[in-house]
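Every chain is numbered from 1 and lettered A, B, ... according to where its sequence line falls, protein lines coming before strand lines.
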Protein chains: 2
Amino acid sequence: MTDEDRRPPSRRIADQLREQIVQGGLKPGDRLPSERELAALHGAARNTAREAITILRNEGLVDAQHGRGAFVRQRPAFLRLGPARYSRRLRRETGLSPFRAELLQQGRQGHVDCTSVKRVRPPEDVAERLGVSSKTKTVVERENWYFAEDTPVQVCWTYIPVGIAAGSVLARNADLGTGSIYARLEDQGYPLASIREEITARMPTPVEVKGLATSPGVPVIELLHTSYDPEGVAFEVTRFVMRADVMTLDYTVPIEQ
Amino acid sequence: MTDEDRRPPSRRIADQLREQIVQGGLKPGDRLPSERELAALHGAARNTAREAITILRNEGLVDAQHGRGAFVRQRPAFLRLGPARYSRRLRRETGLSPFRAELLQQGRQGHVDCTSVKRVRPPEDVAERLGVSSKTKTVVERENWYFAEDTPVQVCWTYIPVGIAAGSVLARNADLGTGSIYARLEDQGYPLASIREEITARMPTPVEVKGLATSPGVPVIELLHTSYDPEGVAFEVTRFVMRADVMTLDYTVPIEQ
DNA sequence: CAGTGGTCTAGACCACTCA
DNA sequence: GAGTGGTCTAGACCACTGT
């Protein structure tokens, strides 16, 4: 009656499949009926069955694979990133970068590829946070790709004022050594005292879909990180783009009275 | 040559429109050519032009309106939510809830609707954080809808152990009074000392699309908030679901040495 | 090879918006 | 009423995956 029948067929088919997924009749990893099967089953055209599956893909519930079928999406083990990864103690004890240290704590493995280091004009929002001009090449940009067990999970671009990076390994694409980037920034006279992180989410661009091996229906988290020294001077900004399906951010913050 | 021509027509049309959008030839709020116009323009079927627009919608770049056309999406003014909104000082000075206090600071207006208060069995993850059983009705659940200038921006479900809420206004759907929920929790002997927030993003469910008046192509941020008293006892958990297109989370966190 | 999803065509009717 | 997006049909060919 009522709503049930007013729904267009593609919605009805989608709703029915979704029901089976959330109820557990279709489990993560299970294959859905093929588009042609679904169409025959519901007395509809194949495009209509296809539209139903598209709806579920856009909700992130289903993952279609060319030539294989459409599958109930598996949520990979979640990575957690919290501010604890920036602590000097952790850096000293493990000698690792924040990302790898955090992964290690969770009993996982990962690596980071630095794909480019160059001097650039900073984006507007980065320039603002660093207090430098966005008109000229005032910063060093380092591009990094992060992998957990060989699957890409995030990209980032780190911006460091030229005055801080110049002459140090920070301005070159070379091994950053023990303790990674924050240890080198400390060497330059900028110990990390506090961070600001601004977070939002959006759909990935086509480039990001390719690079992060994600699929439509999976958003990305965009995080703008700023590092401050004990005097409150911003000395580094990083823009992260993370696969939302594998990432949880985790903040514990004292509340000022 | 090469890649340009191997792309299917729908992609080519989408890429071309995207180019115009990011270059600025098509500005936020501008109407795209109609599906029929696009089809004629490219010598393709209407469905092909439509597919191109669907691609852009799924990227969150375009918003289609039945009977009116497809428009380059306007990013509404961003709301910022930071931990500062939980400070007792702000609560005392304004007498407002964290949400309205934060909005006020940004020169904006909003309101909150509490749509239900009942005793329930807590979800697994909530029970875990509160240290209560998820088998029985150990918590009071309060559902709230948040509006900024009359547009819905987030929903949340707040869970308070029955032992803390019972007998107080927290267990009833009534005006919470000056300072709102955290003032009442303080009255009950639980002043807020620190918070933990766990953040991820995903596509909205159909119910959320309807309730938050968002459209496909706009993800939601899911935030699990836990409140701790000075002894580190968790006394309240809230699950937020926020429209990612209007929301930025903003954390400033000291780094432990 | 058969079966799958990816894409396209050329129509059709409906529901909505706006003048 | 004209124009828009929303949905559907019944075909077709391609590209990919598996056996």
I'd like to check the side chain to side chain donor-acceptor pair (under 3.5 Å) partners of B:Asp15; sequence neighbours left out, ordered by chain and number. B:Arg7, B:Arg18
Rounded to the nearest 0.5 Å, how far does CD1 of A:Ile199 lie from CE of B:Met247? 12.5 Å
Between B:Ser10 and A:His66, who's closer to the 5' end of DNA chain C by nearest nucleotide? A:His66
Sorted by number, residues from residues 44-62 of chain A placing a heavy atom under 4.0 Å from DNA chain D are A:Ala44, A:Ala45, A:Arg46, A:Asn47, A:Thr48
Using a 3.5 Å limit on both pairing distances, list the dot-bracket string of DNA chain D from the 5' end; Watson-Crick and G-U wobble pairs count, crossing pairs take [ ], interstrand pairs take |. ||||||||||||||||||.
Under a 4.0 Å threshold between the charged nitrogen and the carboxylate oxygen, would B:Glu149 count as salt-bridged to B:Arg108? yes
Quick one: list whatever passes ring pair (Phe, Tyr, Trp, His ring centres under 6.0 Å) with B:Tyr86, sequence neighbours left out. B:Tyr182, B:His225
Quick one: B:Asp63 CG to D:dT4 C1', roughly how many Å, whole number? 14 Å
Range on DNA chain C touched by chain A, heavy atoms, distance below 4.0 Å: C:dG3 to C:dT9
Donor on one side chain, acceptor on other, A:Thr200 and A:Glu222, under 3.5 Å: no
Between B:Tyr146 and B:Phe99, how do the two ring planes meet: parallel, tilted or perpendicular, split at 30° and 60°? perpendicular
Pairing residues for A:His111 by the ring pair (Phe, Tyr, Trp, His ring centres under 6.0 Å) criterion, not counting sequence neighbours: A:Phe147
Nearest 0.5 Å please: distance from the CG atom of B:Leu56 over to the CZ atom of B:Arg73. 11.0 Å
Can we say B:Asp125 and B:Arg239 salt-bridge, meaning some charged N sits less than 4.0 Å from an Asp/Glu carboxylate O? yes
Measure the CZ-OG1 distance between A:Arg85 and A:Thr94 for me, rounded to the nearest 0.5 Å. 13.0 Å
